[in-house]
Amino acid sequence: MSREYVLKTFRPAVNLQIDYAKELNPQQHAAVTAPPGPALVIAGAGSGKTRTLTYRVAFLLEQGVPADRILLLTFTNKAAKEMMRRVTELLGSELKDLWGGTFHSVGARILRRHAETLGYKPDFTIMDRDDAEDLLKACIGDADIDVKATRFPKAEALAEVFSMAVNTQQPLGKMVEAQYPWFMPLTAQIEDLARRYAERKRATNNMDFDDLLALWLRLMREHEDTRDRYQRKFQFVLVDEYQDTNKLQADLIDLLAAKHHNVTAVGDDSQSIYAWRGANFRNILEFPKRYAAAKVFKIETNYRSTPEILTVANAAIAPNIHQFRKELAPARKPGPKPIVVACNTGEEQAAFVAQRVLELREEGVALDRMAVLYRSHFHALELQLELTRRNIPFSITSGIRFFEQAHIKDVAAWLKWITNPADELSFKRLAMMLPGVGAKGAAKLWAKFSAEVQSPKSKVQSPLATALQACAAAVPKKAATAWAQFVATVAQLEAPDVRVKPAQMIEWVVEAGYEDYLKDNYDNYRNRLDDLEQLGGFALQFASTEEFLTQLSLLTNLEAEDDKTRPADEERLRLSTVHQAKGLEFDVVFVIMLCDGLFPSARSLETPEGEEEERRLFYVAITRARNELYLSHPIFRAAHGYSGGDTLQQPSRFLKDIAKDLVEEWNLKPFNPYSA
């Protein structure tokens with residue numbers, strides 16, 4: 001007969017350096033001092049998530065857990081460094097042995113030690129995105145794929161497809177079918193390329209960023225001794241921003257914690273907004289199911305926003321069915337109610353924001369403490385124009401202004417060249433979008449075209465198209481079909497009744513092949529198409545193509561000039577998508593274009609899950625505001641497309657979820673200088 005005898009660890013009483021009860025509120029204290037075991041910490045917006053995680057690490061260290069037995073996983077190096085710095089300050093000692101960093105940095109550290117197990121050498125190179133795309137191009141060349149004959153996806157688009165499949169742990173074929181259906185006829189070739197790409201990486205001792213996680217997981221799954229080593233080593237696993245983890249990251253965490261179950265996941269399900277890049281909302285929602293003994297801690301005291309803003313935030317997220325119910329509670333004194341502003345048009349909305357920003361600036365709010373948030377980049381088009389006209393300095397979080405984006409410049413090049421056939425730069429930009437035409441080929445075509453356009457034969461109804469037809473012999477064979485389409489499109493665009501209508505020209509360029517070009521080159525081609533439709537709508541207000549291009553040029557040059565002449569430290573109004581603003585806070589926030597079909601986006605409304613994620617996005621936007629919040633929507637806006645005409649816009653369904661007594665409504669009226 002035998003029985004188990006539990007050997008208890010003896011240690012003297014712990015003498016804590018930190019008074020946790022004094023430093024933390026009761027909810028934070030409960031999460032920080034939780035006993036070993038799985039824990040899910042739902043930390044609401046502005047509730048001190050980083051503080052809670054930092055003190056949890058300090059508490060474990062003070063309880064005698066060795067630093068090298070703790071693994072802290074974050075999504076950015078900045079977050080990891082900040083937490084390590086705070087823990088060091090709390091305990092007054094360096095933490096060189098603590099494993100803290102991004103998923104990718106920890107993966108790289110482990111793979112360096114075990115590379116040979118996976119057929120790599122320890123000195124493997126980690127490729128950046130450009131290097132990975134170059135290697136993919138080499139694989140396409142090895143496979144002898146005629147990329148133009150089949151309109152095969154470019155390396156950039158392929159890299160996105162491969163990455164999404166890896167991070168969501170889905171078979172490549174299923175991923176193509178679900179998210180890239182236009183590539184389905186090429187699935188067999190794409191799968192073959194994925195195999196070639198993996199072999200090339202091993203042969204050249206290269207890993208891309210996704211390998212740092214995928215190979216780490218493979219190492220843990222396929223090699224029991226290594227798995228056992230790290231399961232024993234990391235007694236406590238702490239994860240920041242758990243709501244943003246994808247399937248691959250969640251599987252890694254579960255595998256590391258399989259023996260001891262001491263995993264602390266910190267996040268906010270109401271701020272899960274990255275499904276489009278592979279994040280799995282179910283990870284945080286189903287954590288208690290995967291860890292049956294998990295304790296759920298809610299931290300609901302918000303230190304950022306006024307009570308009035310928080311009341312609106314709570315009302316905004318309440319309709320979501322799939323969530324951990326919580327109520328953000330204020331720690332600050334009351335302030336003004338959030339403002340809802342109905343504007344007649346997008347232009348009037350832009351004028352309101354610009355005027356109100358200047359008024360707040362006069363009242364003492366610095367420009368860089370204000371932000372304008374929107375669902376999609378093109379929603380800020382009218383605002384960018386208005387701010388530029390009024391000389392209000394602004395910055396865009398994405399780093400690229402609307403008119404500086406590649407697809408906007410591509411389409412603008414068509415209009416510029418049709419209007420001014422002597423525009424060599426625009427011609428060459430168009431030529432280099434053709435299959436097999438590089439800089440030298442574009443220069444040869446330009447020389448040939450320049451000679452032909454002077455010929456008497458070109459003095460006909462379609463002089464540009466006629467001159468281009470004569471250049472056919474100088475076109476590479478693989479570009480012959482595309483060249484014929486190019487000539488046909490030029491003939492359409494240079495017709496006298498068309499070349500004066502910039503919106504129609506933009507529409508025809510997109511339909512004549514540029515949409516296919518976007519599909520082949522960008523994984524987010526739908527967003528770029530939306531941008532071009534908005535550009536077409538903007539173009540409708542101009543009487544001629546020349547006037548449209550002049551305004552476009554003036555605005556673009558003003559933007560470039562501002563960037564060069566203004567001091568780097570000058571305060572600027574922040575313009576940002578909500579996705580880019582996550583984690584930030586501002587004294588004043590404007591959320592614009594709150595119309596159904598814009599925010600929430602039309603595409604998101606196709607599924608209940610999509611609508612719920614959009615509502616979470618709206619919640620994130622609201623909770624960026626500290627003191628003042630403005631929610632605006634235009635009543636009329638240019639029709640979505642190129643045909644013209646204003647359409648009546650329905651206010652966002654999210655605004656209807658907010659009771660009228662929680663906000664103040666402002667009705668705009670034109671200023672009358674002659675009124676008393």
Side-chain angles (χ1 to χ4, degrees), residues 41 43 48-58 60-61 67-91 93-113 115 122-132 159 163 166-167 206-217 230 233-234 236-246 248-250 252-253 256 263-268 271-274 277-279 283-284 395 397-399 568 574 576-577 579-585 620:
V41 182
K49 170 183 64 67
T50 301
R51 183 179 184 83
T52 301
L53 201 51
T54 301
Y55 274 79
R56 176 62 174 171
V57 174
L60 291 175
L61 291 169
D68 65 346
R69 294 292 187 265
I70 299 174
L71 174 62
L72 172 62
L73 293 167
T74 67
F75 274 84
T76 65
N77 287 314
K78 181 180 178 182
K81 290 178 181 177
E82 175 64 13
M83 288 187 205
M84 302 282 269
R85 182 189 66 78
R86 290 194 192 184
V87 175
T88 298
E89 288 181 356
L90 284 173
L91 298 179
S93 59
E94 289 291 329
L95 300 171
K96 295 179 181 179
D97 294 334
L98 192 151
W99 281 56
T102 64
F103 281 87
H104 293 88
S105 66
V106 173
R109 185 173 175 183
I110 290 175
L111 289 172
R112 291 285 182 203
R113 299 182 175 189
D123 60 350
F124 61 81
T125 299
I126 301 172
M127 298 185 292
D128 61 21
R129 191 56 180 267
D130 289 340
D131 292 337
S163 181
V166 168
N167 285 290
N206 276 298
M207 291 186 191
D208 62 25
F209 248 52
D210 293 324
D211 288 327
L212 299 179
L213 302 187
L215 292 179
W216 177 14
L217 181 59
Y230 287 102
K233 176 177 178 59
F234 297 129
F236 288 85
V237 178
L238 298 91
V239 189
D240 187 24
E241 302 286 11
Y242 189 76
Q243 78 281 347
D244 294 335
T245 55
N246 57 39
L248 174 54
Q249 290 162 330
L252 270 169
I253 296 162
L256 284 169
V263 54
T264 300
V266 182
D268 182 4
Q271 297 188 68
S272 180
I273 59 173
Y274 294 115
R277 70 181 190 195
N283 289 347
I284 191 167
S395 62
T397 302
S398 65
R574 178 79 66 94
S576 175
T577 62
H579 285 105
Q580 294 274 358
K582 184 174 176 291
L584 304 177
E585 62 178 53
V620 168

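Here the structure is a predicted model, which is why all the values come from computation and not from measurement.
How far CZ of Arg69 is from NZ of Lys233: 5.5 Å, rounded to the nearest 0.5 Å. A distance of 9.5 Å separates CH2 in Trp99 from CG in Asp68, rounded to the nearest 0.5 Å. Annotation: the span from Asp240 atom CG to Leu72 atom CG amounts to 7.0 Å, rounded to 0.5 Å. Note that CG of Leu256 is 6.5 Å distant from CG of Leu71, once rounded to the nearest 0.5 Å. With rounding to the nearest 0.5 Å, the separation of CG in Leu53 from CE in Met83 is 4.5 Å.
Residue Ser272 comes nearest to Asp244 through the heavy atom pair CA-OD1, 4.5 Å, listed as atom of the first residue, atom of the second, then distance. Minimum heavy-atom separation, Gly267 to Ile284: C-CD1, 4.0 Å. Of all the heavy atoms in Thr74 and Ala80, the pair that sits closest is OG1-CB, 3.5 Å. Scanning all heavy atoms of the two residues, the minimum distance from Ala581 to Ser576 falls at N-OG, 3.5 Å.
Taking Leu252 as the reference, Leu213, Trp216, Leu217 meet the side chain to side chain contact (heavy atoms under 4.5 Å, CB included) condition, with sequence neighbours excluded. Shown here are the side-chain hydrogen bond (donor to acceptor under 3.5 Å, both in side chains) partners of Asp123, two or more places apart in sequence or in another chain: Asn205. Remark: Thr577 engages Tyr374, His579, Gln580 in a side chain to side chain contact (heavy atoms under 4.5 Å, CB included) (not counting sequence neighbours). Residues satisfying the side-chain hydrogen bond (donor to acceptor under 3.5 Å, both in side chains) criterion with Arg86, sequence neighbours excluded, are Glu82. Partners of Thr125 by side chain to side chain contact (heavy atoms under 4.5 Å, CB included), not counting sequence neighbours, listed by chain and number: Asn206.
Asn283 places a side-chain N or O within 3.5 Å of a backbone atom of Asn246 that can act as its donor or acceptor partner. A donor-acceptor pair under 3.5 Å links the side-chain atoms of Gln243 to the main chain of Asp268, judged by distance alone.
Counting heavy atoms from C-beta outward, Ile253 and Tyr242 have side chains that approach closer than 4.5 Å. Looking only at side-chain heavy atoms (C-beta outward), Tyr274 and Glu241 stay at 4.5 Å or farther from each other. Side-chain contact between Leu238 and Leu60 is present, with heavy atoms from C-beta onward closer than 4.5 Å. With a 4.5 Å cut-off on side-chain heavy atoms, Val266 and Thr52 do not count as touching. Under the 4.5 Å side-chain criterion, counting only non-hydrogen atoms from C-beta, Phe236 is not in contact with Thr264. Gln249 has its side chain out of reach of Leu73: every pair of non-hydrogen atoms, C-beta onward, lies at least 4.5 Å apart.
The number of heavy-atom neighbours closer than 6.0 Å to OH of Tyr230, taken from other residues, nucleotides and ligands shown, is above 12.
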Do any side-chain atoms of residues 103-112 form donor-acceptor pairs under 3.5 angstrom with protein atoms, and if so which ones, sequence neighbours left out?
{"unit_1": "Ser105", "atom_1": "OG", "unit_2": "Thr102", "atom_2": "N", "d": "3.0"}
{"unit_1": "Ser105", "atom_1": "OG", "unit_2": "Thr102", "atom_2": "O", "d": "3.0"}
{"unit_1": "Ser105", "atom_1": "OG", "unit_2": "Thr102", "atom_2": "OG1", "d": "3.1"}
{"unit_1": "Arg112", "atom_1": "NH1", "unit_2": "Pro122", "atom_2": "O", "d": "2.9"}
{"unit_1": "Arg112", "atom_1": "NH1", "unit_2": "Phe124", "atom_2": "O", "d": "2.6"}
{"unit_1": "Arg112", "atom_1": "NH2", "unit_2": "Phe124", "atom_2": "O", "d": "3.2"}

*For Val41 and Arg56, what are the C-alpha separation, side-chain angles and deciding distance, and is it a side-chain contact (heavy atoms from CB on, under 4.5 Å)?*
CA-CA 11 Å; Val41 182; Arg56 176 62 174 171; over 6 Å; no
